[in-house]
Amino acid sequence: FVTILSVFSSRNFKFTNLKCQHHDPAFASFEVCRLSVKKRGIVSLDITCGIYKPPVTNVSLNIAVYKRANGYRPFLYNVTQDICQYFQHPYRYPVLRVLLSTFVKNSNINHTCPYNHDIIVKDLVFDEQMFNLLPLPDGDYMFKLIVFAYNDRKATVNVMFTISQ
């Protein structure tokens, strides 16, 4: 088991593209959606989503992982969960906890409902420790996050990244 982790710990993770789309501009819209080069070989992700009808008390999130092979194809996980329930009891949802752990540390969404503020993800950089629990082979991937509020799709965020030795 230790040799498997040592193989994965010497890998490079890099953001390659980011696409944010709001589906209900009266409810919320993206003010910032960009990748920034911090220094050579290090790219960070910044997202700011303004919420225009707070408080938001009913939020669900669909997270899917895709691998690029003749376009992006579903790979391993596709999970939908009520985020309000998740933050009340995160250990009940281990797969979602692994997938969300990459974003929660650099954001202000790490609390239970209601959300009375803009959603901010700032200076998120992938590193080796983020994927120790989710070992992915080398290649190009996409996290697709679809946000639902009150059972209506409000936003989609596609985060493309590459993993290499």
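This chain uses plain numbering: 1 for the first residue, then up along the sequence.
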Are [X] and [Y] connected, step by step, through hydrophobic side chains (Ile, Leu, Val, Met, Phe, Trp, Tyr) whose heavy atoms are closer than 4.5 Å?
| X | Y | result |
| --- | --- | --- |
| Leu76 | Phe161 | yes |
| Tyr77 | Tyr86 | yes |
| Ile120 | Val159 | no |
| Val79 | Phe143 | yes |
| Leu18 | Val104 | yes |

With Thr156, the side-chain hydrogen bond (donor to acceptor under 3.5 Å, both in side chains) member among Gln21, Lys19, His22, His23: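 One option only clears the test, and that one is His23.
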Nearest heavy atoms of Tyr93 and Gln85, plus distance in Å: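 What the structure gives for the nearest pair is OH-OE1, 3.6 Å.
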Determine the minimum heavy-atom distance between Val43 and Phe15, stating which atoms define it.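 Of all heavy-atom pairs spanning Val43 and Phe15, the closest is O-CD1, 3.3 Å.
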Who passes side chain to side chain contact (heavy atoms under 4.5 Å, CB included) against His111, sequence neighbours left out?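 His111 satisfies side chain to side chain contact (heavy atoms under 4.5 Å, CB included) with Tyr115, His117 only.
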Taking the hydrophobic residues Ile, Leu, Val, Met, Phe, Trp and Tyr, and joining any pair whose side-chain heavy atoms are under 4.5 Å apart, which ones share a cluster with Ile146?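 Same cluster as Ile146: Phe148.
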Quick test of your reading: applying ring pair (Phe, Tyr, Trp, His ring centres under 6.0 Å), list the pairs with at least one residue in residues 54-75, sequence neighbours left out, ordered by first then second residue.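 Matches after skipping sequence neighbours: Phe75-Tyr141.
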With a cut-off of 6.0 Å (strictly less than), are more than 12 heavy atoms of other residues, nucleotides or ligands near NZ of Lys38?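 Atom NZ in Lys38 is crowded, with more than 12 foreign heavy atoms closer than 6.0 Å.
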Answer yes or no: does atom NZ of Lys67 have more than 12 heavy-atom neighbours from other residues, nucleotides or ligands under 6.0 Å?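 Counting neighbours around NZ of Lys67, more than 12 heavy atoms of other residues, nucleotides or ligands fall under 6.0 Å, so yes.
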From Ile163 atom CD1 to Lys14 atom NZ, the distance as rounded to the nearest 0.5 Å: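 Answer for the CD1-NZ pair, Ile163 versus Lys14, is 14.0 Å.
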Rounded to the nearest 0.5 Å, what separation is found between the OG atom of Ser164 and the CG atom of Asp138?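 One finds 6.0 Å between OG of Ser164 and CG of Asp138.
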Can you name the salt bridge (Lys or Arg N to Asp or Glu O under 4.0 Å) partners of Asp24, sequence neighbours left out?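 Partners of Asp24 by the salt bridge (Lys or Arg N to Asp or Glu O under 4.0 Å) criterion, ordered by chain and then number, come out as Lys154.
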Checking Ser44 against Leu124 for the side chain to side chain contact (heavy atoms under 4.5 Å, CB included) test, could you report, in this order, the C-alpha distance in whole Å, the side-chain angles of both residues, the deciding distance, and whether it holds? CA-CA 5 Å; Ser44 72; Leu124 176 65; 5.9 Å; no
Is there a side-chain contact between Ser107 and Ile119, using heavy atoms and a 4.5 Å cut-off?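 A side-chain contact under 4.5 Å is absent here.
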Given side chains that start at C-beta, do those of Asn106 and Lys122 come closer than 4.5 Å, heavy atoms only?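 No, every pair of side-chain atoms sits at 4.5 Å or beyond.
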Thr16 side chain to Thr162 backbone, donor-acceptor under 3.5 Å: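 Such a contact is absent between Thr16 side chain and Thr162 backbone.
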Sorted by first residue and then second, give each disulfide (SG to SG under 2.5 Å) pair with at least one member in residues 57-103; sequence neighbours left out.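 Passing the test, one end in residues 57-103: Cys84-Cys113.
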Residues 45-64 side chain polar contacts: donor-acceptor under 3.5 Å, at least two apart:
{"from": "Asp46", "atom 1": "OD1", "to": "Asp123", "atom 2": "N", "distance (Å)": "2.8"}
{"from": "Asp46", "atom 1": "OD2", "to": "Ser36", "atom 2": "OG", "distance (Å)": "3.4"}
{"from": "Tyr52", "atom 1": "OH", "to": "Ser29", "atom 2": "OG", "distance (Å)": "2.6"}
{"from": "Thr57", "atom 1": "OG1", "to": "Tyr150", "atom 2": "OH", "distance (Å)": "3.4"}
{"from": "Asn62", "atom 1": "ND2", "to": "Asn78", "atom 2": "OD1", "distance (Å)": "2.8"}
{"from": "Asn62", "atom 1": "ND2", "to": "Thr80", "atom 2": "OG1", "distance (Å)": "2.6"}

